Each structure stands twice: as C-alpha cells, then as structure tokens.
S.K.: 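Can you read through this structure? Questions will come right after.
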Amino acid sequence: MSANRPAAVVVLAAGEGTRMKSATPKVLHTLCGRSLVGHVVAASRELDPEHLVVVVGHAREQVQAHLSAVDPAVRTAVQHEQNGTGHAVRTALEELSQSGVAVDGTVIVVCGDTPLLTGETLRLLGDTHAADGNAVTVLSAEVPDATGYGRIVREEGSGAVTAIVEHKDASVAQRAIREINSGVFAFDGRLLVDALGKVRTDNSQGEEYLTDVLGIVREAGHRVGAAVAGDHREILGINNRVQLAQARRLLNDRLLERAMLAGVTVVDPASTWVDVSVTFEPDATVHPGTELLGATHIATGAEVGPHSRLSDTSVGAGAVASFTVAEGARIGEGATVGPYAYLRPGTDLGPKSKAGTYVEMKNASIGEGTKVPHLSYVGDATIGEFTNIGAASVFVNYDGEAKHHTTVGSHCKTGSDNMFVAPVTVGDGAYTAAGSVITKDVPPGSLAVARGQQRNIEGWVARKRPGSAAAQAASAARQESEGER
C-alpha cells in the first residue's frame, strides 16, 4: 500500500456518450473483458483509497447495477443534471459529507472513459502531488501531436503549472507545447471543497468547470504542479467506436506483451485476443486466431489454437486444444481437444483424455485416458477411465421435459453409431455393438447388442428399379461372378 493513500478517488461517469450511438451507456462498453468504467475502478483500487465514489447520471440504474456486480464496495453519487465536471466532483463530495465523511487528504479525480490508465500512473500522480507539496497536480502527457488538446503552461525554473490553455485559445508559442492535460487530477481535499464553492458558471456552456479550481487555488497562493505519464496513450479517452477499437488493440497488445515477457509464446499477437482476467504459466503456447476470455488459465506446456475460443476454461499442463470452442470447461493435463470440438459448461476432461473432431460435450466428466475421438455428443454423462466411445455416438439426455444422466464405466469399448438413452448405466469393462440403441443397463463385462437382425432380399433392385444404374451395375457384377465360377 502506498504511503500516500488517497482520502478519496472520484470517477466521473455521468455522461451519455452520444457519439457511441448506442443504447448501452458509454462507460459500460467493454474491452478485454471489462467495461470502461470497470477498468478505471480497477486501476483506482490499486491505490487503496479510503473512499471510491463513482458519479453516475445517464442510465444510472444500469451503471449502478454494473458497479454493484464488479465492485460492491463502490459508492455512487447521482448527478441528476450534468452541469459540468466541477459540479460532478461537488456531487461526489456532498455524497461523502452526507454520510458523515469529512474529506481530509488527497482527492484524485479520474474520468470513467479512460480504460488504459494504470494504477501505477495514478500512484505516480499521488506521489508527485505529495512530494511537491501541491494544492493541485495535473496528470499530463507529452504527445506527438497536441492539436485539439489543452496545453500545460509551466513556470520557468520551478516547473509549476501556471495555466491550462485550450488549443483554440493558445498562442503560436503555446501551440508548440506538446505537454497536454489529461483531465485527471490530484487535489488537496480541503482546498478542493473550498474552491468548488467559488467556481462560476459564466462560460459558454453555463457549467461548472473543474479546471477553474486550478486558477482559484493558484490565486490564493497555492502551488499547482503536474506529473507526466510515462506513456501518453494511457490518457486516451473513448468517445466513439473507432476509439474503442483502438483502445482495445492497445490494451490487448499490453496484455500479450506482459504474457510473452513472462515466458508465454504468442505466435501471432496481431490475431490473438485476451481478456484482462486470463492467466498463463511459462512455456504455454498460443497459436494464431485465438481468443482467450474470462477466467481462462493456460498451464505450462499447453498449446491452444490455432483458431480457438476459450472462455472461463482451464487448460492443464501439456494439453492441446486446436480449432476448439470451450466455455466453462476444464481440460486436464495432457488431454487433446479438437479439431472442431465444442466443450460446453460443466465439461471436465481428465488427464490424457480426448475430445476429438466434431465432438460436443456438456456437463460431462471424462476419466483419465478416455477417448471420444469423433462425431459424437456427450451430454449429462460420467465416463470412467480408459474407455473408448465409438464414432457417431449420442448420449440421449433429454426426453422433452427433463435432462437425464448416463454413466459409462472404466475400460469400456462402445461401438460406433450408439445411442445411450438416459438414464442408463454401462458397467466397467462392458462392450456395446455398433449401431445399438442402449436403453437398459449393461452389466460389467457384458456385450450389449441392441439392433434388429439383418435380412437380405435377393433381386429386390432388379424387380423394383429395373433399368436403373444400380440394376445395371448389379447385373454386371452378377455376370462377372458367374463367369469366374
């Protein structure tokens, strides 16, 4: 925990975000498995603030419900009318005051649409604020092209911030400045409360601007400083879907770089996508065209992809999952999945087991060494160890009203094109014949045959399909056979 623990972090998330052109509130749009405001809250939590307040307004019920789900300890303050950033911060501080909280210490204000901002950079802001003894510290960044941004004007020698000048108001000399305002600040809490009471609304928008606080405290003789972010891309705000996609690419690159530096092989980072909650062990390999989502974990020596999508799935050491879709599954050590397999929630593949080509599984426990090689559906089932399920088998688990369970024991060999009509049990060491419909329990060590006897009707094609290609081929084959005799 930082020695400069803030008294409060205020997240501004009340705006509508009309440029997103969406029924979803802007701050609830997602990238890399987390909402915009969720990313900001997570970064803010790294500072361990005494209080974390999110200012909500547009679609506040949706935003509040989301925040309760991702961080139940977050407090919300409702800005019923969006009257500017200064008004939003004042609303948050009033919410704390009404709860008996007197803000005494540093207050950090961040924007709810800056998902690339890190806890490390916010900590830099707080530490700089304390070390320099500032009343206000601006988080700034040096950018290649500052067009359109507010410029940070500093005092020569001391480096104190004397003004933030908007691009349209900047002189030629000021427009040459590449240090810009991020909209993220650290304030002395008591001075902030006092200054917010003095902010005026005599501007073109008729709103209370938070940036006016800087001039107020400076006129009162207090110092205003700045902390420069190490990477200017961290301060990027999201206003439309183009910027959302750009931020997603940047964050994804950051996550993959972190994984690769920790010993993970990512064959093609440009076609690989991961969520912030995905974890890896060293020597895991991710092949091209792969998405790893949610609480997915890839263990040492495992290989995922190409062209796979795993969500909330664990992949054991040395396992391989290629051309696979998996949701809420567990793939055991040394197991093999795919190509073209679909593992649905509740699938648990034991060590060295196999779910092969065009196999779908759901709520199924598969024992060690057991193989379901191809063209099969296994649902609501338990299969023991070292069993082989024949091709084109279906575990018939649904009777139209309820799901039922099938149990197949260990060391079983089931034939191709079997139907297991649940509820049914196949005992250890049992065999079932190809083409069987298993409706009754099979005792251990038994052979189950559940199919009609084959009957051949000689001459049927010649009588029923005279002159057809089949009849002609049959006649030629018969003549050839008779000639050989």
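Model, not experiment: these values are computed from the prediction. Any value given below was found using the heavy atoms of this structure, including those in side chains, with hydrogens, waters and symmetry copies removed.
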S.K.: Can you tell which of L122, L12, V40 makes a side chain to side chain contact (heavy atoms under 4.5 Å, CB included) with V184?
M.R.: L122
S.K.: Atom CZ of residue position R19 - does it have more than 12 heavy atoms of other residues, nucleotides or ligands inside 6.0 Å?
M.R.: no
S.K.: Judged by atom type as modelled, is there a donor-acceptor pair below 3.5 Å linking the side chain of R241 to the main-chain atoms of K21?
M.R.: yes
S.K.: Of all the heavy-atom pairs spanning A299 and A317, show the shortest one and how long it is.
M.R.: CB-N, 3.4 Å
S.K.: Does a side-chain heavy-atom distance below 4.5 Å link V37 with L28?
M.R.: yes
S.K.: Is a side-chain donor or acceptor of T85 paired with a backbone partner of L210 at a separation under 3.5 angstrom?
M.R.: yes
S.K.: Any idea which heavy atoms bring F323 and S308 closest together, and the distance?
M.R.: N-OG, 3.0 Å
S.K.: Less than 3.5 Å apart, any donor N or O on the side chain of T300 or E281 sitting next to an acceptor on the other?
M.R.: yes
S.K.: Between T272 and L256, what is the shortest heavy-atom contact and its length?
M.R.: O-CD1, 3.4 Å
S.K.: In this structure, are over 12 heavy atoms from other groups packed under 6.0 Å from K362 atom NZ?
M.R.: yes
S.K.: Using a distance-only test with no angle check, is there a side-chain donor-acceptor pair under 3.5 angstrom linking D380 and H404?
M.R.: no
S.K.: Say you draw a straight line from CD of E234 to OG1 of T121; how long is it, rounded to the nearest 0.5 Å?
M.R.: 3.0 Å
S.K.: Between R254 and T118, is any side-chain donor less than 3.5 angstrom from a side-chain acceptor?
M.R.: no
S.K.: Using the side-chain contact (heavy atoms from CB on, under 4.5 Å) rule, take L343 and T313 through it: C-alpha gap first, then chi angles, then the decisive distance, then the call.
M.R.: CA-CA 9 Å; L343 307 184; T313 293; 6.0 Å; no
S.K.: Using the rule side-chain hydrogen bond (donor to acceptor under 3.5 Å, both in side chains), only one of H167, E179, E166 pairs with R151; which is it?
M.R.: H167
S.K.: Just by distance, with hydrogens left out, do T91 and Q79 show a side-chain donor and acceptor under 3.5 Å apart?
M.R.: no
S.K.: Taking the basic N atoms (NZ, or NE/NH1/NH2) and the acidic carboxylate oxygens, is any pair closer than 4.0 Å for R34 and D275?
M.R.: no
S.K.: Dump the intermediate steps for side-chain hydrogen bond (donor to acceptor under 3.5 Å, both in side chains) on T279 and H297, then the final yes or no.
M.R.: CA-CA 5 Å; T279 54; H297 177 74; 2.7 Å; yes
S.K.: In terms of heavy-atom contacts, does OH of Y431 have more than 12 from other residues, nucleotides or ligands at under 6.0 Å?
M.R.: no
S.K.: Step by step, work out the side-chain contact (heavy atoms from CB on, under 4.5 Å) result for V424 and V396.
M.R.: CA-CA 10 Å; V424 69; V396 186; over 6 Å; no
S.K.: Considering residues, nucleotides and ligands other than E61, do more than 12 of their heavy atoms fall under 6.0 Å from its CD?
M.R.: yes
S.K.: Testing the 3.5 Å rule here: is there a donor-acceptor pair between the side chains of T432 and N418?
M.R.: yes
S.K.: Give a yes or no on whether a salt bridge exists between R344 and E327, defined as a side-chain N under 4.0 angstrom from a carboxylate O.
M.R.: no
S.K.: Any side-chain donor-acceptor pair under 3.5 Å between Q82 and H87?
M.R.: no
S.K.: Within the 4.5 Å heavy-atom criterion, are R60 and H80 side-chain neighbours or not?
M.R.: yes
S.K.: If the plane angle is over 60° it's perpendicular, under 30° parallel, otherwise tilted; pick one for F386 and H411.
M.R.: parallel
S.K.: Drop me the distance from I438's CD1 to T414's OG1, to the nearest 0.5 angstrom.
M.R.: 9.0 Å
S.K.: For S410 and G384, indicate whether the former's side chain and the latter's backbone hold a donor-acceptor pair under 3.5 Å.
M.R.: no
S.K.: May I ask you to check whether over 12 heavy atoms, not counting those of K403, lie within 6.0 Å of atom NZ?
M.R.: yes
S.K.: Can you confirm whether R248 is buried at CZ, in the sense that more than 12 heavy atoms of other residues, nucleotides or ligands lie under 6.0 Å from that atom?
M.R.: yes
S.K.: If we ignore hydrogens and angles and just use 3.5 Å, is the side chain of E95 paired with the main-chain N or O of V53 as donor and acceptor?
M.R.: no
S.K.: Around atom OH of Y377, are there more than 12 heavy atoms of other residues, nucleotides or ligands at under 6.0 Å?
M.R.: yes
S.K.: Going from CE on M419 to OG1 on T406, what distance comes out if it is rounded to the nearest 0.5 angstrom?
M.R.: 12.0 Å
S.K.: Test side-chain hydrogen bond (donor to acceptor under 3.5 Å, both in side chains) on T382 and H405 and set out the steps.
M.R.: CA-CA 8 Å; T382 300; H405 198 82; 2.9 Å; yes
S.K.: What do the steps show when you test R175 against T147 for side-chain hydrogen bond (donor to acceptor under 3.5 Å, both in side chains), and what is the final call?
M.R.: CA-CA 8 Å; R175 289 189 179 187; T147 302; over 6 Å; no
S.K.: Is there a side-chain contact between V54 and V41 in this structure, where contact means two heavy atoms from C-beta onward sitting under 4.5 Å apart?
M.R.: yes
S.K.: Would you sort out whether V320 and V337 count as a side-chain contact (heavy atoms from CB on, under 4.5 Å), showing the intermediate values?
M.R.: CA-CA 6 Å; V320 176; V337 183; over 6 Å; no
S.K.: Please tell me if the side chains of V266 and V264 come closer than 4.5 Å, counting only heavy atoms from C-beta onward.
M.R.: yes
S.K.: Could you tell me whether the side chains of N456 and Q454 share a donor-acceptor contact shorter than 3.5 Å?
M.R.: yes
S.K.: Give a yes or no on whether the backbone of G289 and the side-chain of S271 come within a donor-acceptor separation of less than 3.5 Å.
M.R.: yes
S.K.: Centroid-to-centroid, H374 to Y358, below 6.0 Å?
M.R.: no
S.K.: Backbone N or O of A471 within a donor-acceptor pair of the S468 side chain at under 3.5 Å?
M.R.: yes
S.K.: Quick one: CD1 on I108 to CZ on R123, what's the gap to the nearest 0.5 Å?
M.R.: 10.0 Å
S.K.: Are V408 and F395 close enough that some pair of their side-chain heavy atoms sits under 4.5 Å apart?
M.R.: yes
S.K.: Walk me through it: do R463 and I457 pass the test side-chain contact (heavy atoms from CB on, under 4.5 Å)?
M.R.: CA-CA 11 Å; R463 293 194 300 274; I457 303 173; 3.7 Å; yes
S.K.: Are more than 12 heavy atoms from other residues, nucleotides or ligands located less than 6.0 Å from atom CD of E142?
M.R.: yes
S.K.: Could you tell me whether the side chain of L375 reaches within less than 4.5 Å of the side chain of T357, counting heavy atoms only?
M.R.: no
S.K.: Tell me, please, whether W273 has R309 positioned over its six-membered ring: NZ or CZ under 6.0 Å from the ring centre and within 45 degrees of its axis?
M.R.: no
S.K.: Measure across S376 and A392 and return the closest heavy-atom pair with its distance rounded to 0.1 Å.
M.R.: OG-N, 3.5 Å
S.K.: Is a donor on one side and an acceptor on the other found under 3.5 Å between the side chain of S446 and the backbone of V442?
M.R.: no
S.K.: Taking all non-hydrogen atoms of both residues into account, name the closest pair between A92 and V55 and its distance.
M.R.: CB-CG2, 3.7 Å
S.K.: What's the spacing between Q246 CD and L31 CG if we round to 0.5 Å?
M.R.: 12.0 Å
S.K.: Less than 3.5 Å apart, any donor N or O on the side chain of H287 or E303 sitting next to an acceptor on the other?
M.R.: yes
S.K.: In this structure, which one of I298, N252, L293, T296 forms a side chain to side chain contact (heavy atoms under 4.5 Å, CB included) with V274?
M.R.: N252
S.K.: Rounded to the nearest 0.5 Å, what separation is found between the NZ atom of K26 and the OG atom of S35?
M.R.: 13.0 Å
S.K.: Where is the tightest heavy-atom contact between C412 and G429, given as atom of each residue plus distance?
M.R.: SG-N, 3.7 Å
